**Student:** 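Got a structure here, written out as structure tokens. Questions coming.
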Amino acid sequence: MRYWLMKSEPDEVSIDDVMASPRQTTAWFGVRNYQARNFMRDQMQVGDGVLFYHSSCPEPGIAGLAEIVSTPYPDASQFDANSKYYDAKATPEQPRWISIDVKGTRKTRLLSLAEMRTISALEEMVVLQKGSRLSITPVTPAQWKTIVTLLKE
DNA sequence: GCCAACGTTGGC
DNA sequence: GCCAACGTTGGC
């Protein structure tokens, strides 16, 4: 059982979109970074906890809680020439990118990036490190507990 | 829109 | 394998 922070641009997929999806579940596709892919491929397991983070928006921060509900499978958008995620070097025989299904647990109040930076128990979070821009980053159990506690009520 | 930081590409 | 050039991310 691990914990993750996953970034999504709310203009693309927001926490509201996830909660409005059938079974509150959405396919996480479009990851085109090897480090993030490897986290999904090698470490994620069904039941892992997810901090759903809104990025590239007026108020970035954690907007909800979610969980991993599938094992990895090929990301269909890599084969779609009309997709912005198309990858000419990927083939169905040798896929390069993967998807995983994420189920929203609940929308929370926004724990903004600015507020996160004021919490000393979170200062080691990967996402808060200078220059960090990975879309999927590991979260420690202690960090998870701190955040979930802050988001209770 | 700016720009720091990081990742990828491709010539050599 | 090096590394310059270029592209992307994402907060501000």
Side-chain angles (χ1 to χ4, degrees), chain A residues 2-21 26-44 48-68 70 72-140 142-151:
Chain A
R2 290 186 162 93
Y3 301 99
W4 307 96
L5 181 143
M6 299 176 78
K7 294 180 186 173
S8 182
E9 300 188 14
D11 285 351
E12 307 285 332
V13 182
S14 70
I15 185 69
D16 289 325
D17 295 331
V18 174
M19 297 312 290
S21 300
T26 189
W28 206 274
F29 67 96
V31 171
R32 294 294 180 271
N33 170 282
Y34 290 105
Q35 216 180 326
R37 180 202 67 181
N38 293 348
F39 282 139
M40 288 197 290
R41 187 189 62 189
D42 303 333
Q43 297 193 37
M44 277 187 180
D48 283 2
V50 173
L51 302 172
F52 194 101
Y53 181 95
H54 284 173
S55 67
S56 293
C57 57
E59 238 195 324
I62 293 166
L65 301 176
E67 68 175 307
I68 302 299
S70 83
Y73 55 91
D75 176 343
S77 66
Q78 69 193 306
F79 311 125
D80 177 1
N82 295 318
S83 169
K84 68 173 177 174
Y85 298 116
Y86 178 64
D87 184 341
K89 293 181 180 164
T91 65
E93 293 71 33
Q94 290 220 303
R96 183 180 284 198
W97 307 109
I98 56 175
S99 288
I100 209 160
D101 291 345
V102 173
K103 175 175 184 167
T105 307
R106 66 184 173 95
K107 181 180 180 175
T108 63
R109 76 172 175 91
L110 185 81
L111 176 60
S112 71
L113 178 61
E115 182 177 351
M116 290 169 70
R117 290 195 189 285
T118 69
I119 300 166
S120 60
L122 301 181
E123 67 186 5
E124 305 273 301
M125 280 190 82
V126 177
V127 76
L128 299 185
Q129 302 312 301
K130 186 180 168 97
S132 167
R133 37 172 227 190
L134 258 188
S135 63
I136 297 174
T137 51
V139 173
T140 68
Q143 291 160 354
W144 172 269
K145 190 175 174 190
T146 297
I147 290 168
V148 168
T149 302
L150 275 168
L151 293 176

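The structure presented is a predicted model; accordingly, all values stated were derived computationally and were not measured. Naming convention: chains lettered A, B, ... in sequence-line order (proteins, then strands); numbering from 1 in each chain.
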**Student:** Between the side chains of A:D75 and A:R32, is the shortest nitrogen-to-carboxylate-oxygen separation below 4.0 Å, so that they form an ion pair?
**Tutor:**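 Looking at A:R32 and A:D75, the cut-off is met.
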**Student:** Just the rounded figure in Å: distance from P of C:dT8 to CG of A:D87.
**Tutor:**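 Distance check: A:D87 CG to C:dT8 P gives 13 Å.
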**Student:** Rounded to the Å, how far apart are A:Q35 CD and B:dA5 C1'?
**Tutor:**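 After rounding, the gap between these two atoms is 14 Å.
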**Student:** Have A:R96 and A:Y34 got a donor and an acceptor in their side chains that come within less than 3.5 Å?
**Tutor:**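 There is such a pair between these side chains.
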**Student:** Atom NZ of A:K84 to atom C1' of C:dG7: distance rounded to whole Å?
**Tutor:**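 Distance check: A:K84 NZ to C:dG7 C1' gives 15 Å.
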**Student:** Testing the 3.5 Å rule here: is there a donor-acceptor pair between the side chains of A:W97 and A:D87?
**Tutor:**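 Yes - a donor-acceptor pair under 3.5 Å links their side chains.
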**Student:** Test A:W4 against every option in A:F39, A:F52, A:W28 by the ring-ring contact (aromatic ring centres under 6.0 Å, His included) rule and name the one that passes.
**Tutor:**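 One option only clears the test, and that one is A:F39.
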**Student:** Side chains of A:D17 and A:S14: any donor to acceptor distance under 3.5 Å?
**Tutor:**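 Yes, a side-chain donor-acceptor pair sits under 3.5 Å.
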**Student:** Would you say the side-chain atoms of A:H54 pair up with the backbone N or O of A:L110, donor to acceptor, closer than 3.5 Å?
**Tutor:**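 Judged by distance alone, no pair lies under 3.5 Å.
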**Student:** Grab the N/O contacts between the protein and nucleotides 9-12 of chain C below 3.5 Å, and write none if there aren't any.
**Tutor:**
{"unit_1": "C:dT9", "atom_1": "O3'", "unit_2": "A:R133", "atom_2": "O", "d": "3.4"}
{"unit_1": "C:dG10", "atom_1": "OP1", "unit_2": "A:K7", "atom_2": "NZ", "d": "2.8"}
{"unit_1": "C:dG10", "atom_1": "OP1", "unit_2": "A:R133", "atom_2": "O", "d": "2.7"}
{"unit_1": "C:dG11", "atom_1": "OP1", "unit_2": "A:Y53", "atom_2": "OH", "d": "2.9"}
{"unit_1": "C:dG11", "atom_1": "OP2", "unit_2": "A:S56", "atom_2": "N", "d": "2.9"}

**Student:** Do any side-chain nitrogens or oxygens of A:K130 fall under 4.0 Å of OP1 or OP2 in B:dA5?
**Tutor:**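 For A:K130, the contact criterion (side-chain N or O under 4.0 Å from OP1 or OP2 of B:dA5) is met.
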